[in-house]
K.L.:
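I have a structure I would like to understand better, so I am pasting it below and will then ask my questions one at a time.
Because the structure is a prediction, the values reported are computed rather than measured. Chain letters run A, B, ... following the sequence lines, proteins first, then strands; residues in each count from 1. Heavy-atom basis, side chains included; hydrogens, waters and symmetry copies ignored.
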Amino acid sequence: MLQIQNIRENKESIITALKKRNIDAAPMISKVLELDEKRRSIQTEMDATLAESNKLSKEIGMLFKTGKAQEANVLKEKTAGLKEASKKLGEDLNTTADELQQELYLIPNVPHKSVPAGNSEEDNEEIFKEGDIPTLSEGALPHWELAKKYDIIDFELGVKITGAGFPVYKGKGARLQRALIAYFLDKNAEAGYTEMQVPLMVNEDSGYGTGQLPDKEGQMYHVQADDLYLIPTAEVPVTNLHRGDILSESDFPIKYTGYTPCFRREAGSYGAHVRGLNRLHQFDKVEIVRMEHPNNSYEALDEMVEHVKNILRELKLPYRILRLCGGDLGFTSALTFDFEVFSTAQDRWLEISSVSNFETFQANRLKLRYKDENGKSQLAHTLNGSSLALPRVLAGILENYQTEAGIKIPEVLVPYCGFDIID
RNA sequence: GGAGGAAUGGCAGAGUGGUCGAAUGCGGCAGUCUUGAAAACUGUUGAGGGUCACACCUCCGGGGGUUCGAAUCCCUCUUCCUCCGCCA
């Protein structure tokens, strides 16, 4: 959520920047400013009314104390009108403030200046590419065939016990998955991220805090009996750890990592591109989250990008990095880099990580602040990234490491797996 | 699930109708003293709205009510603690 003060002061530049997202924000912005003005004028009027009635109440108190009950009763009558007026103003104020809030929720984050304009993923800008694309033998298979051939992932079994998009990992497949989680967590810890184990269900406030609510309600599984949401990413519980906090500058940087399953309804996603591990309702992910001083957040973002690069290098997977264009940029993000691994057998790029700076957009909702050198509260910056998302990394490994003898295990994972080939 | 108790500033903890945004202690910050530090002493120290700046307004778990006036009384929700039951 953008700060109203920021909108007041930078109306034009915000509208211009939002054009990169292909939206004309001018009507929304005007509406917001109108409501803001209305809110302030009601507030001012109500404050004056309350001030008046506070004054009278004090006088009444004094009069009673000094035994002048009669005079006090005269004043009492005067308060009745004020009371009614302030009650009505209070109602107006609530309505207007709610309306303003709802409007603010609809405005996406302002893209960073480096974000290219564009409509879709076609317009994302490739900024880096590394790793050799292996030459596979004749008859190389996509991962869903490999999964069947080596009996390591069973999609049908998942359908039986839950439904489509909930795979069952078996034997060496399950072990490889667990190895990846441990390996990722170790790499993140090495880089100074503190490992956290967090709840897999969150309340409504947390959903609002990171921006899943109110707009992306349909993407999350909702447990109605208890009004809780299954997390779509560890970003939600981990970032909300500091909801409402006022930190001091010396608390930065705050760096967390966490492994969680992620649950996504993915309503409306069908077709060939969602086969196998490409798109699931439940999948595992290791996330990194940072809270930063605004002056350092872009440096932190670069650091996160380098960190993910290192992991992919160690895994020896061919990958590229995209700078997302305005049209493909997430609602809450100011700048996002996507990592994609090349799946040789599918002959396509698979997104495996998304690293973003949200600047103050989430912090404003979270009320996550810090005291600056003058002792004033300022909003912090929040960032997060996958490090990494499991299923597509797994898909990339299965497909790129397949040989006639079986699927080789990347060297760095062998100690975690306890075997070096799936055959 | 049943019965009681509680929720106050970063923490601890007073406050049971007006002079309370809130005593006191700890912690934090600044200063005095000191070669420096510690100790001691002095001062300062919640958040938000509003204003050029003041004024002023709101907030004592959330919501509602009583009253001229609520941290304080009433209703309701949530959370926590104790005891009993059940159970991983």
Side-chain angles (χ1 to χ4, degrees), chain A residues 1-9 32-104 197-209 213 222-229 237 240-252 254 291 360 362-380:
Chain A
M1 188 168 68
L2 299 179
Q3 295 163 85
I4 186 68
Q5 204 189 335
N6 182 19
I7 297 177
R8 263 185 239 154
E9 289 165 8
V32 158
L33 287 174
E34 209 174 283
L35 285 167
D36 177 50
E37 197 147 317
K38 187 174 167 198
R39 198 220 89 221
R40 278 186 294 161
S41 90
I42 297 172
Q43 176 87 256
T44 307
E45 201 181 331
M46 187 171 85
D47 285 358
T49 312
L50 287 173
E52 179 68 15
S53 83
N54 284 347
K55 211 177 103 198
L56 284 176
S57 291
K58 269 184 191 151
E59 282 174 34
I60 291 169
M62 290 304 288
L63 289 171
F64 274 124
K65 199 160 271 182
T66 51
K68 297 173 184 163
Q70 233 173 351
E71 289 175 46
N73 284 323
V74 174
L75 285 184
K76 260 198 201 181
E77 282 167 30
K78 283 174 71 176
T79 60
L82 290 172
K83 208 179 163 187
E84 205 172 306
S86 67
K87 192 176 174 187
K88 191 178 171 307
L89 287 166
E91 281 164 10
D92 283 357
L93 185 65
N94 281 341
T95 312
T96 310
D98 280 354
E99 246 179 279
L100 176 59
Q101 182 79 356
Q102 292 310 315
E103 285 299 318
L104 282 172
Q197 266 188 33
V198 291
L200 305 182
M201 288 196 242
V202 294
N203 58 30
E204 203 176 51
D205 285 347
S206 295
Y208 275 94
L213 297 175
H222 185 208
V223 181
Q224 288 195 336
D226 297 288
D227 198 18
L228 295 172
Y229 295 88
N240 273 281
L241 291 171
H242 288 289
R243 169 152 46 87
D245 284 3
I246 300 181
L247 306 164
S248 57
E249 288 189 311
S250 59
D251 291 328
F252 296 124
I254 294 175
M291 283 99 193
T360 60
Q362 290 184 327
N364 191 31
R365 292 188 171 197
L366 293 159
K367 297 282 165 274
L368 169 54
R369 291 154 293 176
Y370 68 94
K371 290 272 188 206
D372 68 14
E373 65 268 29
N374 301 315
K376 286 196 64 175
S377 296
Q378 305 288 352
L379 292 175

K.L.:
Rounded to whole Å, please give me the gap between CG in A/Leu93 and P in B/G48.
P.N.:
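These atoms are roughly 18 Å apart.
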K.L.:
Please measure how far the P atom in B/C74 lies from the corresponding atom in B/G5, and state the result in whole Å.
P.N.:
12 Å
K.L.:
Are A/Leu247 and A/Ile254 side-chain neighbours, meaning at least one heavy-atom pair lies under 4.5 Å?
P.N.:
yes
K.L.:
In this structure, how many angstroms lie between the C1' atom of B/G69 and the NZ atom of A/Lys83, rounded?
P.N.:
9 Å
K.L.:
Look at the side-chain N and O atoms of A/Thr49 and state whether any lies under 4.0 Å from the OP1 or OP2 oxygen of B/C57.
P.N.:
no
K.L.:
Can you see which heavy atom on A/Arg243 is nearest to which on A/Ser206, and at what distance?
P.N.:
NH2-OG, 2.8 Å
K.L.:
Looking only at atom P, what distance separates B/U19 and B/A53, rounded to whole Å?
P.N.:
29 Å
K.L.:
Provide the distance between the two C1' atoms, one in B/G31 and one in B/U79, to the nearest whole Å.
P.N.:
43 Å
K.L.:
Would one find a side-chain N or O of A/Lys367 under 4.0 angstrom from OP1 or OP2 of B/G48?
P.N.:
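Indeed not, no polar side-chain atom of A/Lys367 lies that close.
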K.L.:
For a quick test of reading the model, state the closest non-hydrogen atom pair linking A/Glu204 to A/Tyr229 and the distance between them.
P.N.:
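Heavy atoms only, the tightest pair is CA-CE1, 4.2 Å.
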K.L.:
Using atom C1' of each nucleotide, how far apart are B/C60 and B/G46 to the nearest Å?
P.N.:
11 Å
K.L.:
Taking the C1' atom of each, how far is B/C59 from B/A7, in whole Å?
P.N.:
16 Å
K.L.:
With a cut-off of less than 4.0 Å, is there a side-chain N or O of A/Arg8 near OP1 or OP2 of B/G50?
P.N.:
yes
K.L.:
Anything under 3.5 Å between a donor and an acceptor, one on a side chain of residues 76-84 of chain A, the other on a protein residue two or more places apart or in another chain? List them.
P.N.:
unit_1: A/Thr79; atom_1: OG1; unit_2: A/Lys76; atom_2: O; d: 2.5

K.L.:
Can you work out whether A/Glu52 or A/Arg369 has the more 5'-proximal nearest nucleotide on RNA chain B?
P.N.:
A/Arg369
K.L.:
Write down the distance between OH (A/Tyr370) and P (B/G46), rounded to a whole number of angstrom.
P.N.:
20 Å
K.L.:
Can you see which heavy atom on A/Asn240 is nearest to which on A/Asp205, and at what distance?
P.N.:
OD1-O, 4.2 Å
K.L.:
Can you tell me the distance, in whole Å, between the CD atom of A/Glu249 and the P atom of B/C29?
P.N.:
13 Å
K.L.:
Once pairs are restricted to Watson-Crick or G-U wobble with both distances under 3.5 Å, how does RNA chain B read as a dot-bracket string, [ ] for crossings and | for other-strand pairs?
P.N.:
((((((((.[[[..)..(.....]]]((((((.......))))))((((......)))).[[[[[..)....]]]]])))))))....
K.L.:
Side chain of A/Lys76 only, heavy atoms from C-beta on: which candidate in B/C68, B/G49, B/U51 is closest?
P.N.:
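Of all the options, the side chain of A/Lys76 is nearest to B/C68.
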K.L.:
Would you please confirm or rule out a distance under 4.0 Å between OP1 or OP2 of B/G49 and any side-chain N or O of A/Arg39?
P.N.:
no
K.L.:
How far does the P atom of B/A55 sit from the matching atom of B/G21, given to the nearest Å?
P.N.:
15 Å
K.L.:
Specify the separation, in whole Å, of atom CG of A/Leu89 and atom P of B/U58.
P.N.:
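Whole-Å distance recorded here is 13 Å.
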K.L.:
Using whole Å, report how far CZ of A/Phe64 lies from C1' of B/G18.
P.N.:
11 Å
K.L.:
Choose from B/G50, B/G69, B/G48 the nucleotide whose nearest atom is closest to any side-chain atom of A/Ser377.
P.N.:
B/G48
K.L.:
According to the salt bridge (Lys or Arg N to Asp or Glu O under 4.0 Å) rule, which pairs have a member within residues 88-101 of chain A, sequence neighbours left out?
P.N.:
A/Lys88-A/Asp92
K.L.:
Round to a whole Å and report the spacing from CG of A/Leu56 to C1' of B/G18.
P.N.:
14 Å
K.L.:
Between B/U42 and B/G50, how far is it from one C1' atom to the other, in whole Å?
P.N.:
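Going atom to atom, C1' in each nucleotide, I get 34 Å.
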K.L.:
For residues A/Ala380 and A/Ala363, report the shortest heavy-atom separation together with the two atoms involved.
P.N.:
O-CB, 3.1 Å
K.L.:
Could you tell me whether the side chain of A/Asp245 reaches within less than 4.5 Å of the side chain of A/Arg369, counting heavy atoms only?
P.N.:
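They are not in side-chain contact.
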K.L.:
Quick one: label A/Thr79 by what it contacts on the DNA or RNA (base, sugar-phosphate, nothing), any heavy atom closer than 4.0 Å.
P.N.:
sugar-phosphate
K.L.:
Identify whether any heavy atom of A/Ser53 sits under 4.0 Å from a base atom; if not, whether one sits that close to sugar-phosphate; answer base, sugar-phosphate or nothing.
P.N.:
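No contact at all - A/Ser53 keeps every heavy atom at 4.0 Å or more from the nucleic acid.
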K.L.:
More 5' along RNA chain B: A/Lys87 or A/Asn54, using each one's nearest nucleotide?
P.N.:
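That would be A/Asn54.
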K.L.:
Please report the distance, rounded to the nearest Å, between CD in A/Gln43 and P in B/U58.
P.N.:
10 Å
K.L.:
Say we look at B/C81 and B/G28: how far apart would their P atoms be, to the nearest angstrom?
P.N.:
29 Å
K.L.:
For A/Arg365 and A/Tyr208, indicate whether the former's side chain and the latter's backbone hold a donor-acceptor pair under 3.5 Å.
P.N.:
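Yes, A/Arg365 side chain to A/Tyr208 backbone: donor-acceptor pair under 3.5 Å.
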K.L.:
Give A/Leu50 one of three labels, base, sugar-phosphate or nothing, depending on what nucleic acid heavy atoms sit under 4.0 Å from its own.
P.N.:
sugar-phosphate
